[in-house]
Each structure stands twice: as C-alpha cells, then as structure tokens.
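Below, all heavy atoms of this structure are taken into account, side chains as well, without hydrogens, waters or symmetry copies.
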Amino acid sequence: MSYKIQDSDITILRKAGVSEYDIKHCVKVAEKALEIAKRTGANLDMELVGRGALFHDLGKAKTHGMEHGKIGAEIGRKIGLPEAVTDLMEKHIRGGLTEEEAKELKLPIKDYALKTLEEKIVIYADRLVDIITDGIVEIKNEIEAEQRFEDILNEYPKYGKNRKTLNRYLGYHNEIQVLMRK
Ligand SMILES: [Fe+2]
C-alpha cells in the first residue's frame with residue numbers, strides 16, 4: 001500500500017494557524033517517514049505514517065512549548081482526525097515520555113511510550129529532518145544523517161536532549177535501520 005500526502009490535509013494545517021515554516025517541516029517529515037516506511041519493507045499502515053507525520057506538529061498553531069503535542073491532539077480530536085493520528089501527535093514529544101518524565105515536564109502524567117513501528121518511524125523521521133534541514137550539522141546528503149545519527153545525537157544536545165531521550169531515539173534508529181538493511 002502506498003500513500004500520497006493530501007493537499008486537503010495541508011489546508012487543514014494552514015486553516016488551524018500553523019505557520020508556513022512549520023507546515024514545510026511537517027510535509028518534509030511526512031515525506032521522510034513515508035520513504036523510511038517503504039524502505040523497511042514492513043507491512044505498514046502508510047496512511048497512519050503519512051498523516052501522523054503531517055499532523056504531528058499541528059499544536060504549533062497555538063504554542064511551540066512542550067504542550068504542543070497535547071494541544072495538537074486536542075485540536076485533532078475536535079476536527080475528527082483518527083485516534084491513531086491524535087495519539088501519535090500527543091506522544092511525539094521527545095520521542096515518547098515515561099510517566100516520570102511527563103511529571104517532570106508538567107505534562108499530563110501518563111505513559112507516552114511509542115508502541116507501533118508506524119509511530120517510531122514518524123518520530124525517527126522528525127529527528128532526521130531536523131538534522132537535515134537545520135543547517136547546524138554539516139552533511140553532504142540525507143543518508144549521512146542516518147549514518148552519523150548516533151554521533152550527532154551524542155554531540156549536539158539540541159538533537160539528543162538528555163540521556164533518556166537520546167537512548168529512545170537510538171533505539172528507534174537501531175530497530176528501523178536493521179529492518180532497512182534486510
Ligand atoms: Fe513537535
């Protein structure tokens with residue numbers, strides 16, 4: 001199954017008040033997530049990958065703070081996005097917080113752990129796209145962001161954040177890279 005990013009979904013982001021800069025990021029994450037999903041060769045819900053990635057930052061229409069995941073999911077529910085998509089939006093902050101971390105960050109206390117491969121691919125694509133587009137790390141091409149992923153996260157706190165977050169991202173990276181190498 002393949003999936004194409006829908007213009008009508010981009011219109012939803014725009015109407016909600018997401019900036020053109022953030023929309024560009026969302027589209028790039030969706031493209032990257034769909035590319036990675038295809039490369040894994042796994043039987044995945046490509047619509048969830050595409051729409052989950054496209055809408056993950058919908059909450060940035062209201063805030064760029066930590067609570068943009070929660071707020072995005074609330075907006076998503078109001079406009080009738082599927083639960084799997086709003087779940088992903090809520091959980092994407094720092095790649096899936098534990099209850100303890102959520103408490104520290106003053107977010108609703110619950111387990112935000114990512115469960116499905118679709119969710120992990122979106123979160124991995126989000127991190128890769130930041131590395132690719134920010135211009136902070138010098139890379140020749142997009143593949144280099146994957147090849148140097150571990151070093152980049154260790155070296156740049158912007159991408160690794162802290163040990164827990166870094167280890168989560170490395171876990172997704174390793175799991176997904178193994179599938180893509182098969
Ligand atoms: Fe985000």
>> Testing Glu100, Glu101, Glu90 one by one against Lys110 for a salt bridge (charged side-chain N to carboxylate O under 4.0 Å, His left out), which residue passes?
In response: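 By the salt bridge (charged side-chain N to carboxylate O under 4.0 Å, His left out) criterion, Lys110 pairs with just one of Glu100, Glu101, Glu90: Glu90.
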> Taking it one step at a time, do Glu175 and Leu117 satisfy side-chain contact (heavy atoms from CB on, under 4.5 Å)?
Replying inline: CA-CA 9 Å; Glu175 182 181 344; Leu117 187 55; 4.0 Å; yes
For the residue pair [X] and [Y], establish whether any side-chain heavy-atom pair is separated by less than 4.5 Å.
{"X": "Ile131", "Y": "Leu153", "result": "yes"}
{"X": "Leu128", "Y": "Glu142", "result": "no"}
{"X": "Arg94", "Y": "Lys164", "result": "no"}
{"X": "Glu20", "Y": "Arg14", "result": "yes"}
{"X": "Lys62", "Y": "Glu74", "result": "no"}
{"X": "Lys70", "Y": "Tyr112", "result": "no"}
{"X": "Ile5", "Y": "Ile10", "result": "yes"}
{"X": "His64", "Y": "Asp22", "result": "yes"}

Inter-residue atom distance [X].[atom1] - [Y].[atom2], 0.5 Å rounding:
{"X": "Ile71", "Y": "Lys60", "atom1": "CD1", "atom2": "NZ", "answer": "12.5 Å"}
{"X": "Ile36", "Y": "Lys120", "atom1": "CD1", "atom2": "NZ", "answer": "14.0 Å"}
{"X": "Asp57", "Y": "Asp126", "atom1": "CG", "atom2": "CG", "answer": "6.0 Å"}
{"X": "Ile23", "Y": "Ile12", "atom1": "CD1", "atom2": "CD1", "answer": "11.0 Å"}
{"X": "Met89", "Y": "Leu54", "atom1": "CE", "atom2": "CG", "answer": "9.5 Å"}
{"X": "Glu144", "Y": "Ile152", "atom1": "CD", "atom2": "CD1", "answer": "7.0 Å"}

> Do NZ/NE/NH1/NH2 and the carboxylate oxygens of Glu35 and Lys32 come within less than 4.0 Å?
Replying inline: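 Answer for the salt bridge query: yes.
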Keeping the roles fixed (side chain from [X], backbone from [Y]), state whether a donor-acceptor pair exists under 3.5 Å.
{"X": "Asp45", "Y": "Leu48", "answer": "yes"}
{"X": "Asn154", "Y": "Glu150", "answer": "yes"}
{"X": "Arg168", "Y": "Gly96", "answer": "yes"}
{"X": "Thr63", "Y": "Gly59", "answer": "no"}
{"X": "Tyr172", "Y": "Gly95", "answer": "yes"}

>> Evaluate Leu88 against Phe55 for side-chain contact (heavy atoms from CB on, under 4.5 Å), listing each step before the verdict.
In response: CA-CA 9 Å; Leu88 205 162; Phe55 284 116; over 6 Å; no
>> Counting neighbours of CG on Asn43 that are heavy atoms of other residues, nucleotides or ligands and sit closer than 6.0 Å, is the number greater than 12?
In response: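 No, not enclosed.
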> Taking atom NZ of Lys103 as the centre, does the number of heavy atoms from other residues, nucleotides or ligands within less than 6.0 Å exceed 12?
Replying inline: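 12 or below, so no.
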Do you know which two heavy atoms are closest between [X] and [Y], and how far apart they sit?
{"X": "Lys158", "Y": "Asp134", "value": "NZ-OD2, 2.6 Å"}
{"X": "Arg51", "Y": "Pro82", "value": "NH1-CD, 3.7 Å"}
{"X": "Arg39", "Y": "Glu146", "value": "NH2-OE1, 2.8 Å"}
{"X": "Ala61", "Y": "Ala16", "value": "CB-O, 3.3 Å"}
{"X": "Ile139", "Y": "Arg148", "value": "CG2-NH1, 3.7 Å"}
{"X": "Ala30", "Y": "Gly50", "value": "CB-O, 3.7 Å"}

> Quick one: side chain to side chain donor-acceptor pair (under 3.5 Å) partners of Lys106, sequence neighbours excluded?
Replying inline: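 Per chain and number, Lys106 pairs via side chain to side chain donor-acceptor pair (under 3.5 Å) with no residue.
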Joint hydrophobic cluster, [X] plus [Y], side-chain heavy atoms closer than 4.5 Å:
{"X": "Leu179", "Y": "Ile143", "answer": "no"}
{"X": "Leu13", "Y": "Ile79", "answer": "yes"}
{"X": "Val129", "Y": "Leu170", "answer": "no"}
{"X": "Leu44", "Y": "Ile176", "answer": "yes"}
{"X": "Tyr169", "Y": "Ile136", "answer": "yes"}

> Would Lys161 and Leu166 count as a side-chain contact (heavy atoms from CB on, under 4.5 Å) if you check the C-alpha gap in whole Å, the side-chain angles of each, and the deciding distance to 0.1 Å?
Replying inline: CA-CA 7 Å; Lys161 309 283 186 196; Leu166 196 151; over 6 Å; no
>> Restricting to side-chain contact (heavy atoms from CB on, under 4.5 Å), what partner residues turn up for Gln6, sequence neighbours left out?
In response: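 Result, side-chain contact (heavy atoms from CB on, under 4.5 Å) vs Gln6: Tyr3, Lys4, Ser8, Asp9.
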> Aromatic rings His173 and Phe149: how do their planes relate, parallel, tilted or perpendicular, breaks at 30° and 60°?
Replying inline: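 The rings of His173 and Phe149 lie parallel, inter-plane angle below 30°.
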> So Val137 and Glu155, side-chain contact (heavy atoms from CB on, under 4.5 Å) or not? Walk me through it.
Replying inline: CA-CA 10 Å; Val137 186; Glu155 196 175 328; over 6 Å; no
>> Among Arg77, Lys78, Lys91, which residue satisfies the side-chain contact (heavy atoms from CB on, under 4.5 Å) criterion with Thr86?
In response: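 Single pass found, and it is Arg77.
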> For His25, which residues count as a ring pair (Phe, Tyr, Trp, His ring centres under 6.0 Å) partner, sequence neighbours excluded?
Replying inline: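 Per chain and number, His25 pairs via ring pair (Phe, Tyr, Trp, His ring centres under 6.0 Å) with His56.
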